[in-house]
Amino acid sequence: MKKTEIIEKAEANLLHTYNRFPVVLDRGEGVYLYDCDGKQYLDFAAGIAVFALGYHNPDFDNAVKAQADKLVHTSNLFYNEPAAETAEKLNRLTGMDRVFFTNSGTEAIEGAIKLARKYAYNKDGCTDHEIIAMNHSFHGRSMGALSVTGKAAYQDPFKPLIGGVKFAEYNDLDSVKDLVTDKTCAVILETFQGEGGIYPAEEGFLKGLRRICDEKDILLIFDEIQCGMGRTGKMFCYQHYGVEPDVLTVAKALGNGLPVGAFLCKEFAAALVPGDHGTTYGGNPLVCAAAGKVLDLFEERKLPEHAKEVGEYLYQQLEGLKERHSCIKDHRGMGLLQGLEFVESTPVGEVCSKAQDQGLIVISASGNVLRFVPPLIVEKEHVDEMIRKLENCLD
Ligand SMILES: *Cc1c(COP(=O)(O)O)cnc(C)c1O
């Protein structure tokens, strides 16, 4: 099928929930994608921070193929080896004790919210517990996750959402303190806000939250669906700060493109018991074999260290770009999770489109921010190529 036919067919049949770019992607190799006409794109989006290992990684592909030939699904009424192995690896890497596998990020958030409510319910038997979330956060599109997502445009058409959610300001400890009551069961936040505009947490903020949650026996939930898994230069972003959550959510990079997420918790917080929660597909052998291989390759190839090194180079190059172009207002981030904020007269959507003409894929984040979330296998020469292409768009 030709490109225009594919686009027409998609537009005629899919629910129009995305304004897609007019590009039909066909295959990938390393950090490059190819469209159906064979045009090459350098990919600094990685399927929205998903393809950490890059495209067509033979070790990953072979692990998936081997499991596909063996057994794809079992239901959670039975055990399977990949889920057991991968849960153990995840616990070791995160410092958590219990894993529940989901099919997506938003489902990991749903599970974390249910866990927090059940934990508080077990203590006092009340059914009116509250959650503190952050303005400009993003946690997903299902009703529970949307309820803790601090963005009116996403929430308003779908109200009423789940009750008892209050919003504080990110990196403002006093704004959280003001909202804490005896009913608070959880504080949920991204350790590094991605979608909301590339804002890392400040150390004092995370340490302060940890202190408040310890004092009041409130569960601290870190959403590392985007910032986790090596992207910021450590396996998990909270490991930069010496602050551990009680509950952690992961997804995006975990399956390197296969749909798998998870929420994890400390033993004391493992309040969900048989009957409380479930999923038909979650943690099936296919996605767990994929996730297990991803975790092995992260360790073998030292991808967090690599992300740190190339991320520092990316930082310098983006600083240079900012100095050369007055349309760039700010530069934020670390590792391979960085953003450039543009002035209003330069809409980032247009920059993304122009970049595609140049053979570069980049995506936006809220607040007119251009987001850089390349595969973690990216090298300095790819950063140079990206800067050249982006510079052509800005000139
Ligand atoms: C993408 C994202 C989610 C939602 O994940 P889905 O797999 O799209 O449901 C939740 N939290 C954060 C921080 C994300 O970046």
Side-chain angles (χ1 to χ4, degrees), residues 15 17-18 20 45-52 94 100-116 131 133-151 154-155 158 161-162 165 167 170-171 186-201 206 220-232 236-238 245 247-264 279 281-284 287 290-291 294 332-339 363-367 369 371-376:
L15 187 64
T17 53
Y18 283 93
R20 291 178 163 83
I48 318 186
V50 166
F51 263 96
T94 58
F100 184 101
F101 287 112
T102 65
N103 308 293
S104 64
T106 203
E107 283 171 79
I109 300 293
E110 296 297 323
I113 291 172
K114 282 181 71 177
L115 180 91
I131 295 172
M134 302 297 143
N135 281 321
H136 307 293
S137 59
F138 182 79
H139 297 292
R141 304 291 200 146
S142 53
M143 292 304 266
L146 185 59
S147 303
V148 292
T149 289
K151 184 163 175 171
Y154 288 172
Q155 285 196 337
F158 306 102
L161 299 170
I162 70 165
V165 179
F167 288 94
Y170 197 68
N171 282 332
V187 175
I188 183 167
L189 70 154
E190 295 147 274
T191 325
F192 183 133
Q193 287 190 335
E195 180 79 26
I198 311 292
Y199 291 100
L206 294 188
L220 183 57
I221 305 172
F222 286 170
D223 178 352
E224 295 228 357
I225 290 169
Q226 184 157 169
C227 64
M229 305 275 312
R231 189 159 284 287
T232 63
F236 290 92
C237 188
Y238 61 83
V247 183
L248 174 70
T249 60
V250 293
K252 290 197 164 85
L254 181 60
N256 196 49
L258 263 73
V260 54
F263 65 94
L264 297 89
T279 165
Y281 290 137
N284 83 24
V287 298
V294 168
R332 298 187 286 272
M334 59 175 160
L336 295 174
L337 180 51
Q338 298 189 33
I363 52 173
S364 61
S366 284
V369 169
R371 178 165 30 162
F372 301 87
V373 282
L376 302 189

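Atoms within each ligand, like the ligands themselves, are counted from 1 in listed order.
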Would a distance-only check, ignoring hydrogens and angles, find a side-chain to backbone donor-acceptor pair under 3.5 Å from E224 to Y238? yes
Heavy-atom distance to atom 2 (C) of ligand 1: which of K252, R141, E110, E107 wins? K252
Which residue is it: N171, L189, L220? I am looking for the one with a side chain to side chain contact (heavy atoms under 4.5 Å, CB included) to L206. L189
State, yes or no, whether a side-chain contact exists between H136 and Q193 at a heavy-atom distance under 4.5 Å. yes
Can you sort out which atoms of ligand 1 are near Q226, meaning under 4.0 Å from one of its heavy atoms? 15 (O)
Are M134 and Y199 packed together at the side-chain level, in the sense that at least one heavy-atom pair is separated by less than 4.5 angstrom? no
Test your reading of the model: is there a side-chain donor-acceptor pair from R231 to the backbone of L336, 3.5 Å cut-off? yes
Option set T106, D223, L254, T102, criterion heavy-atom distance to atom 9 (O) of ligand 1, minimum: T106
Check each atom of ligand 1 against the heavy atoms of G105 and keep those under 4.0 Å away; list them by number with element. 5 (O), 6 (P), 7 (O), 9 (O)
Under 4.0 Å from one or more heavy atoms of E190, ligand 1 contributes atoms 13 (C)
